[in-house]
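Take a look at the structure below.
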Amino acid sequence: MGSSTSSLYSSLAKTISSPALSQPCDSGYSPNSDLDFHQDPVDPLGLLRECKEVLRNRPARLHRTFVQTGHWDSKQMQIRVMQWNVLAQALGEGMDSFVKCPLDALNWPERKYLILEEILTHKPDILCLQEVDHYFDMFQPILASLGYQSSFCPKPWSPCLDVENNNGPDGCALFFNHKRFQLINTTNLRLSAMMLKTNQVAIVATLRCHATGRAFCVAVTHLKARSGWEVLRSAQGSDLLLNLRNIAQSVGTEENSDVPLIVCGDFNAEPTEDVYRNFATSSLGLDSAYKHLSTDGKTEPPYTSWKIRPSGESCHTLDYVWYSHTAFHVHAVLDFPTAEQIGPNRLPSYNYPSDHFSLVCDLCFKDLKPV
């Protein structure tokens, strides 16, 4: 299916020959990958055209549209946020057992272009990713060439390392457009539960918007998967909320103001779980952006992940974009394909690279004009 040759891609993302990094986030490994200002910029439209050319023999990508919420002033600056569990390559090919997905659909030489196509199509200002196991040889160099600054935090005991010919540990990655934001601080967290360190991580970056001068914190996380671990997920969420409160307060004290939050993640939890309720009722004043897709404004989408494994079909709402509702308006959210559009074999597929859909929303600061 398609072609995997690319002079442009090869020049940007040469394979890293150094050993894979497997240190946990609190081991002293702090990969704040500052933008390489000596790197030649890449035309995003040209790269998008290249993606389409490589994927020309695959089915067309799933069609999605933005749903406007009505909360927007044309004078206000929008911030486009993208949340996505991209599916670690090692897990997709070696462990996840997608029984209806042909193995050929998961081959990395083409699947990486499907991932890039999704990102380039929506052009997020802030990009929060989970299950990233090709950070150094794909995501970081390509997105740096497009103007993104980034951080990466690997899991301490990534299951990717158990897969033969893996590309190192998977983890969370956070990218932001350096032309729109200034990095104030980054904190990598290894989440705790019942005072014990766990295998799940988070990144919290404090950014300042160049257009408004406003500071805010953005976080990305990936909580423990599978049923039976609800209590652990709840504890991990509580630990993240505590860290967010401390970080926001420290920045707020310096600026003498409350610092708003954007929290993205694969929480591996339905809205019925305690971890969801804890975020929804937190004193941090968080709300879920994707409730704006519902007619009542109170209900999450019916699914953000849909796959078929040997145990059967799995259709769940697991991914969220939380935001400080007193600080931000939600202007628009990207909707989801229908069951008919997705197809009977579900995700991943030849025309969608992950078992999770990306979540994309446009936020703007309330009552704040450009400076």
Side-chain angles (χ1 to χ4, degrees), residues 62 64 67 81-88 91-92 95-101 105-106 115 118 128-132 155 159 170 172 191 198-200 202 220-237 240 263-280 286-322 333-349 351-361:
L62 295 173
R64 304 171 67 184
V67 176
V81 179
M82 184 174 190
Q83 147 61 30
W84 197 15
N85 180 330
V86 295
L87 175 61
L91 300 183
M95 295 185 74
D96 275 344
S97 300
F98 301 116
V99 295
K100 295 291 186 177
C101 177
L106 296 173
I115 294 172
E118 181 83 353
C128 296
L129 303 179
Q130 300 85 35
E131 289 198 23
V132 174
K155 293 175 185 174
D170 75 300
C172 292
L191 299 177
T198 69
N199 193 36
Q200 279 62 51
V220 54
T221 194
H222 188 186
L223 302 187
K224 175 64 180 174
R226 292 182 169 77
S227 61
W229 294 94
E230 292 82 2
V231 174
L232 180 66
R233 278 193 290 272
S234 179
Q236 289 177 333
L240 178 56
V263 186
C264 299
D266 174 0
F267 280 60
N268 276 306
E270 292 275 8
T272 54
E273 281 198 28
D274 285 344
V275 63
Y276 179 93
R277 288 192 289 267
N278 290 342
F279 267 74
L286 299 173
D287 201 358
S288 174
Y290 261 75
K291 291 195 298 185
H292 286 275
L293 272 184
S294 64
T295 55
D296 62 2
K298 300 178 181 179
T299 309
E300 294 289 350
Y303 50 82
T304 64
S305 176
W306 202 341
K307 53 202 162 193
I308 303 175
R309 284 175 167 160
S311 57
E313 194 155 354
S314 175
C315 179
H316 296 290
T317 300
L318 306 174
D319 308 89
Y320 306 96
V321 177
W322 297 94
V333 291
L334 186 66
D335 69 3
F336 295 99
T338 64
E340 290 74 22
Q341 291 171 320
I342 296 168
N345 295 335
R346 307 314 183 197
L347 306 176
S349 64
N351 56 348
Y352 202 80
S354 176
D355 55 330
H356 290 249
F357 285 110
S358 64
L359 277 60
V360 186
C361 61

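As the structure is a prediction and not an experimental result, all values here were calculated from the model.
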- Query: Going through the checks in order, is the ring pair (Phe, Tyr, Trp, His ring centres under 6.0 Å) test met by Y276 and W322?
  - Reply: CA-CA 10 Å; Y276 179 93; W322 297 94; 5.0 Å; yes
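- Residues L223 and V275 form a side-chain contact, since some pair of their non-hydrogen atoms from C-beta on lies under 4.5 Å apart.
- For the atom pair S305 OG and D319 CG, the distance stands at 6.5 Å (nearest 0.5 Å).
- A side chain to side chain contact (heavy atoms under 4.5 Å, CB included) with V333 is found for one member of V321, V360, L293 and no other, namely L293.
- Scanning for side-chain hydrogen bond (donor to acceptor under 3.5 Å, both in side chains) contacts around T317 gives an empty result, with sequence neighbours left out.
- The backbone N or O of A339 sits less than 3.5 Å from a side-chain atom of R346, completing a donor-acceptor pair.
- At least one side-chain heavy atom of L347 sits less than 4.5 Å from a side-chain heavy atom of I342.
- The OG atom of S354 sits 7.5 Å away from atom CD1 of I115, with the distance rounded to the nearest 0.5 Å.
- The OG atom of S349 sits 6.0 Å away from atom CG of L62, with the distance rounded to the nearest 0.5 Å.
- Atom OG1 of T299 and atom NE2 of H292 lie 12.5 Å apart (nearest 0.5 Å).
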- Task: Could you please spell out the steps behind the side chain to side chain contact (heavy atoms under 4.5 Å, CB included) verdict for C101 and N345?
- Result: CA-CA 7 Å; C101 177; N345 295 335; over 6 Å; no
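- Of the possible donor and acceptor atoms, none in the side chain of E131 sits under 3.5 Å from a partner among the backbone N and O of N85.
- Rounding to the nearest 0.5 angstrom, the gap separating the OG atom in S227 from the NE2 atom in H316 is 8.5 Å.
- For F267 and F279, the ring centers are positioned less than 6.0 Å apart.
- Side chain of R309 to main chain of D96: a donor-acceptor pair is present (N/O by atom type, distance under 3.5 Å, no hydrogens or angles).
- F357 is linked by a ring-ring contact (aromatic ring centres under 6.0 Å, His included) to F336, Y352, counting only residues two or more places apart in sequence or in another chain.
- Looking at heavy atoms from C-beta onward, E300 lies out of side-chain contact with S294 at the 4.5 angstrom threshold.
- In this structure a side-chain-to-backbone donor-acceptor pair under 3.5 Å is missing from W84 to L359.
- The two residues P344 and I308 have their closest heavy-atom pair at O-CD1, 3.5 Å.
- For Q341 (side chain) and T338 (main-chain N/O), a donor-acceptor pair under 3.5 Å exists by modelled atom type.
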- Item | side-chain hydrogen bond (donor to acceptor under 3.5 Å, both in side chains) evaluation trace for Q200 with H222 | CA-CA 6 Å; Q200 279 62 51; H222 188 186; over 6 Å; no
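- In this structure, the salt bridge (Lys or Arg N to Asp or Glu O under 4.0 Å) partners of D355, at least two apart in sequence or on a different chain, are K307.
- Of all the heavy atoms in S97 and P310, the pair that sits closest is O-CD, 3.2 Å.
- A donor-acceptor pair is defined here as one N or O able to donate and one able to accept, closer than 3.5 Å; such a pair exists between the side chain of Y320 and the backbone of A269.
- For the residue pair C315 and P302, the shortest heavy atom distance occurs at SG-O, 4.4 Å.
- Within 6.0 Å of atom NZ in K100, 12 or fewer heavy atoms from other residues, nucleotides or ligands are found, so the atom counts as exposed in its surroundings.
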- Message: For T198 and Q236: C-alpha separation, side-chain torsions, deciding distance, then whether side-chain hydrogen bond (donor to acceptor under 3.5 Å, both in side chains) applies.
- Response: CA-CA 8 Å; T198 69; Q236 289 177 333; 3.0 Å; yes
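- Contacts of E230 classified as salt bridge (Lys or Arg N to Asp or Glu O under 4.0 Å), with partners at least two apart in sequence or in another chain: R233.
- R64 has its side chain within reach of S358: a pair of non-hydrogen atoms, C-beta onward, lies under 4.5 Å apart.
- Scored by the salt bridge (Lys or Arg N to Asp or Glu O under 4.0 Å) test, D274 finds R277 as partners (sequence neighbours excluded).
- Contact detail for G265 and Q130: the closest heavy-atom pair is CA-NE2, 3.6 Å.
- Scored by the salt bridge (Lys or Arg N to Asp or Glu O under 4.0 Å) test, K224 finds no partners at all (sequence neighbours excluded).
- Residues L87 and P348 approach most closely at CD2-CG, 4.1 Å, considering heavy atoms.
- Between N268 and D266, the closest heavy-atom pair is N-OD1, 3.0 Å.
- Side-chain contact between C172 and L129: absent, with no pair of heavy atoms (C-beta onward) separated by less than 4.5 Å.
- At least one side-chain heavy atom of P159 sits under 4.5 Å from a side-chain heavy atom of M95.
- Here the NZ atom belonging to K155 is positioned 11.5 Å from the CG atom belonging to L191, to the nearest 0.5 angstrom.
- Looking at N278 and S234, their side chains do bring a donor and an acceptor atom within 3.5 Å of each other.
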